[in-house]
Asker: 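Here you go, one structure.
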Amino acid sequence: MPQPTEGLFGYKAPPCSGIPNREVIRWVQGLDLTLSVTNFRRDLANGFLVAQILHKYHPADVHLHSFSNGTSTSTRNDNWRQIQKVCSQKKLPLSSHSVQGTTQGSPGAAVALLEHLYEKLTKKSVQKLPPPQLAAPEASSQQHRAAGAFSGATAGDSEDAPINATAGSKPILTNLQTGPGVDFGAVKIDAVDDALRLRQKLAAASQRAIPAS
């Protein structure tokens, strides 16, 4: 199982870092390598490009003809074995942990290793990026409370309050009570049970209201 690469060589890569610092990218581009680097995690895995970088600084100790740009496990192991030997001689320590992470394509491993080599070979420091700032939980809860107040919720509302629909800023209550009675001419309705009884009473009243011919 790949091991985390945070803290390797004293370097702490930014969270989810997939590419090196811009300085390091310009440095790699300026080395005029035989192969272009398009994906650091993939292109550095077999050690061939790392050998080319070391050859630029130590040509007498790194013989490129002994390295292979293959993808087999044996090729990778042989390339990295030679790289670790040269780095040990030149006081450029590469731990087995970092090499394993780069070989296996562990997230952030190749970037951490490359930036470590940049610092050792150029005697420059990689600018460390600050971690992203996360919103405080209190600020998030205040936003939710503000949203609730804006939607018309009040401190006096409770589970026993009648269900209402909002029209403007005034609630429309659904538990309205029927009035004592309504006069329709000669018909007085004290309690209307249904629409049929209402129509019957109105019809009877209209018949009584028609004068005899």
Side-chain angles (χ1 to χ4, degrees), residues 1-140:
M1 181 176 179
Q3 299 296 322
T5 57
E6 182 175 347
L8 287 180
F9 325 118
Y11 170 76
K12 185 176 181 181
C16 303
S17 175
I19 59 175
N21 183 282
R22 290 182 180 180
E23 260 180 66
V24 179
I25 295 177
R26 287 194 294 266
W27 170 65
V28 172
Q29 292 172 342
L31 293 176
D32 194 24
L33 305 178
T34 59
L35 298 175
S36 60
V37 183
T38 58
N39 184 308
F40 289 91
R41 180 176 175 178
R42 179 196 63 208
D43 297 339
L44 298 182
N46 67 357
F48 185 72
L49 285 175
V50 176
Q52 288 199 22
I53 292 173
L54 293 173
H55 175 74
K56 294 292 182 178
Y57 288 86
H58 304 287
D61 301 289
V62 181
H63 305 288
L64 292 180
H65 62 81
S66 62
F67 292 86
S68 175
N69 189 25
T71 58
S72 66
T73 301
S74 60
T75 295
R76 293 188 181 196
N77 291 340
D78 184 60
N79 286 346
W80 283 106
R81 179 186 57 78
Q82 296 183 71
I83 290 171
Q84 285 180 292
K85 181 179 179 180
V86 172
C87 288
S88 177
Q89 293 173 350
K90 298 300 178 182
K91 308 301 181 182
L92 302 170
L94 290 181
S95 67
S96 299
H97 172 74
S98 65
V99 171
Q100 181 182 6
T102 303
T103 303
Q104 295 179 351
S106 301
V111 170
L113 185 143
L114 185 64
E115 293 188 341
H116 167 68
L117 289 178
Y118 168 81
E119 291 186 332
K120 295 299 183 181
L121 294 172
T122 65
K123 309 302 181 184
K124 298 178 182 179
S125 298
V126 176
Q127 181 180 2
K128 309 300 189 295
L129 298 177
Q133 298 296 324
L134 302 178
E138 179 61 24
S140 177

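Counting begins at 1 with the first residue of the sequence. Treat the numbers as computed from the prediction; the structure is a model and nothing was measured.
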Asker: Under the side-chain hydrogen bond (donor to acceptor under 3.5 Å, both in side chains) rule, collect the residues that match up with Thr75, sequence neighbours excluded.
Answerer: Ser72
Asker: If every non-hydrogen atom of Thr38 is compared with every non-hydrogen atom of Asp43, which pair is closest and at what distance?
Answerer: N-OD2, 2.8 Å
Asker: So, using side-chain contact (heavy atoms from CB on, under 4.5 Å) as the criterion, who are the partners of Ser96 when residues are at least two apart?
Answerer: Gln84
Asker: Within the 4.5 Å heavy-atom criterion, are Leu35 and Asn69 side-chain neighbours or not?
Answerer: yes
Asker: Is Glu119 reaching over with its side chain to a backbone N or O of Val126, donor-acceptor style, under 3.5 angstrom?
Answerer: yes
Asker: Specify the closest pair of heavy atoms between Ala110 and Phe40, including all atoms of both residues, with the distance to one decimal.
Answerer: CB-O, 3.6 Å
Asker: Identify, with sequence neighbours excluded, every residue that meets side-chain hydrogen bond (donor to acceptor under 3.5 Å, both in side chains) alongside Asn79.
Answerer: none
Asker: Would you compute the distance between atom CG of Leu114 and atom OG of Ser98 and round it to the nearest 0.5 angstrom?
Answerer: 12.0 Å
Asker: Determine whether a donor-acceptor pair (N or O, by modelled atom type, separation under 3.5 Å) exists between the side chain of His116 and the backbone of Leu92.
Answerer: no
Asker: Taking all heavy atoms of Val24 and all of Glu115, pick out the closest pair and write down the distance.
Answerer: CG2-CG, 3.9 Å
Asker: May I have the step-by-step check of side-chain contact (heavy atoms from CB on, under 4.5 Å) for Asn21 and Tyr118, ending in yes or no?
Answerer: CA-CA 10 Å; Asn21 183 282; Tyr118 168 81; over 6 Å; no
Asker: Ignoring hydrogens and angles, write down the donor-acceptor pairs under 3.5 Å from the side chains of residues 51-61, residues two or more places apart or on other chains.
Answerer:
from  : atom 1 : to    : atom 2 : distance (Å)
Gln52 : OE1    : Thr34 : N      : 3.0
Gln52 : OE1    : Thr34 : OG1    : 3.1
Gln52 : NE2    : Thr34 : OG1    : 2.4
His55 : ND1    : Val62 : O      : 2.8
Lys56 : NZ     : Leu31 : O      : 3.2
Tyr57 : OH     : Trp27 : NE1    : 2.7
Asp61 : OD2    : Lys90 : NZ     : 3.0

Asker: Sequence neighbours excluded, which residues qualify as side-chain hydrogen bond (donor to acceptor under 3.5 Å, both in side chains) partners of Ser66?
Answerer: Gln82
Asker: Under the salt bridge (charged side-chain N to carboxylate O under 4.0 Å, His left out) rule, collect the residues that match up with Arg81, sequence neighbours excluded.
Answerer: Asp78
Asker: Do the side chain of Asn46 and the main chain of Thr71 share a donor and acceptor less than 3.5 angstrom apart?
Answerer: no
Asker: Which pair of non-hydrogen atoms, one from Ala109 and one from Gly101, has the smallest distance, and what is that distance?
Answerer: CB-C, 3.4 Å
